[in-house]
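Here's the structure we're looking at; comments come further down.
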Amino acid sequence: MNIIHLNPNNQEIESWVAIIDNQVVGHVFMKIENDNKLKLLDAWVHDEYRRKGIYRTLWDTRWAYVNEHYKNYTAYAWCKEKSLPLLIEKGFSVGEI
């Protein structure tokens with residue numbers, strides 16, 4: 001599996017995609033906001049590739065990038081209930097539901 005970081009023309013959004021056999025099998029996004037805030041956005045893994053660690057690998061790759069390039073930013077996320085344990089594991093706390 002290859003993880004590719006994409007920084008599209010819209011400089012507020014960055015994305016990471018997981019590729020297996022020349023097929024995109026997952027992605028995560030991040031939005032850079034005002035006041036040194038980062039919003040961790042949409043995540044998706046293809047049905048046939050779920051439960052294989054792809055989401056965690058994408059998440060960890062994005063998080064390493066955040067820690068390297070956005071040290072003084074506050075990160076927050078909206079997530080589905082299934083993703084909440086990973087965010088709590090990474091030090092996030094539950095806010096709005």
Side-chain angles (χ1 to χ4, degrees):
M1 172 175 52
N2 291 321
I3 305 291
I4 297 174
H5 175 226
L6 302 171
N7 193 354
N9 289 335
N10 177 348
Q11 296 300 313
E12 296 175 353
I13 301 286
E14 296 191 43
S15 59
W16 290 259
V17 294
I19 299 174
I20 297 175
D21 297 328
N22 294 320
Q23 178 182 353
V24 173
V25 298
H27 69 247
V28 293
F29 296 111
M30 173 179 79
K31 182 177 182 186
I32 303 160
E33 297 183 337
N34 294 331
D35 300 322
N36 289 353
K37 291 183 183 177
L38 300 174
K39 185 175 184 180
L40 306 182
L41 297 170
D42 190 27
W44 165 81
V45 174
H46 188 286
D47 290 344
E48 294 177 19
Y49 292 91
R50 292 188 180 158
R51 310 293 304 161
K52 298 181 186 303
I54 293 170
Y55 170 65
R56 180 176 286 272
T57 301
L58 284 163
W59 206 100
D60 288 345
T61 301
R62 176 181 58 187
W63 194 239
Y65 184 85
V66 166
N67 285 317
E68 182 178 342
H69 297 281
Y70 295 100
K71 292 180 183 179
N72 296 319
Y73 281 64
T74 300
Y76 71 101
W78 295 97
C79 69
K80 294 182 179 179
E81 191 173 334
K82 289 181 179 182
S83 301
L84 187 56
L86 177 60
L87 272 73
I88 291 171
E89 173 188 316
K90 299 297 183 180
F92 287 77
S93 57
V94 177
E96 297 179 24
I97 296 177

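Excluded from the calculations below are hydrogen atoms, water molecules and symmetry mates; all remaining heavy atoms, backbone and side chain alike, are included. Bear in mind that the values here come from a model prediction, so they are computed numbers and not experimental data.
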*Close side-chain approach of M1 to K52, heavy-atom, < 4.5 Å*: no
*Who pairs with R56 by side-chain contact (heavy atoms from CB on, under 4.5 Å), at least two apart in sequence or on another chain?*
D60, L86, E89, K90
*At what distance, to the nearest 0.5 angstrom, does CG of N2 lie from OG1 of T57?*
12.0 Å
*asked:* According to side-chain hydrogen bond (donor to acceptor under 3.5 Å, both in side chains), who are the partners of Y49, at least two apart in sequence or on a separate chain?
replied: none
*Taking atom CG of L6 and atom CH2 of W16, what is their separation to the nearest 0.5 Å?*
9.5 Å
*Roughly how far apart are K31 NZ and K37 NZ, rounded to 0.5 Å?*
11.5 Å
*For L58 against V17, the heavy-atom pair lying closest together*: CD2-C, 3.9 Å
*For D35, salt bridge (Lys or Arg N to Asp or Glu O under 4.0 Å) partners two or more places apart*: none
*asked:* When you compare the side chain of V24 with that of W44, does any pair of heavy atoms fall below 4.5 Å?
replied: yes
*Look at the aromatic rings of Y65 and H69 and report parallel, tilted or perpendicular, splitting at 30° and 60°.*
tilted
*Kindly write out the residues that satisfy side-chain contact (heavy atoms from CB on, under 4.5 Å) with T74, not counting sequence neighbours, or none if the list is empty.*
none
*Could you pull out all residues at least two apart from H5 that satisfy side-chain hydrogen bond (donor to acceptor under 3.5 Å, both in side chains)?*
E14
*Taking all non-hydrogen atoms of both residues into account, name the closest pair between I32 and Y73 and its distance.*
CG2-CE2, 4.2 Å
*Measure across I13 and N7 and return the closest heavy-atom pair with its distance rounded to 0.1 Å.*
O-OD1, 3.9 Å
*Taking all atoms of both residues into account, what is the closest heavy-atom pair of A75 and F92, and its distance?*
O-CE2, 3.4 Å
_Do W59 and L41 sit in one hydrophobic cluster, given that two such residues count as connected whenever their side-chain heavy atoms are within less than 4.5 Å of each other, even indirectly?_
no
*Check side-chain hydrogen bond (donor to acceptor under 3.5 Å, both in side chains) between D47 and all other residues, then give those that pass, not counting sequence neighbours.*
R50
_F29 reachable from I3 in the ILVMFWY side-chain graph, under 4.5 Å edges_ = no
*Heavy-atom side-chain proximity of Y76 to K39 below 4.5 angstrom*: yes
*asked:* Return the CG to CE distance between L40 and M30, rounded to the nearest 0.5 Å.
replied: 7.5 Å
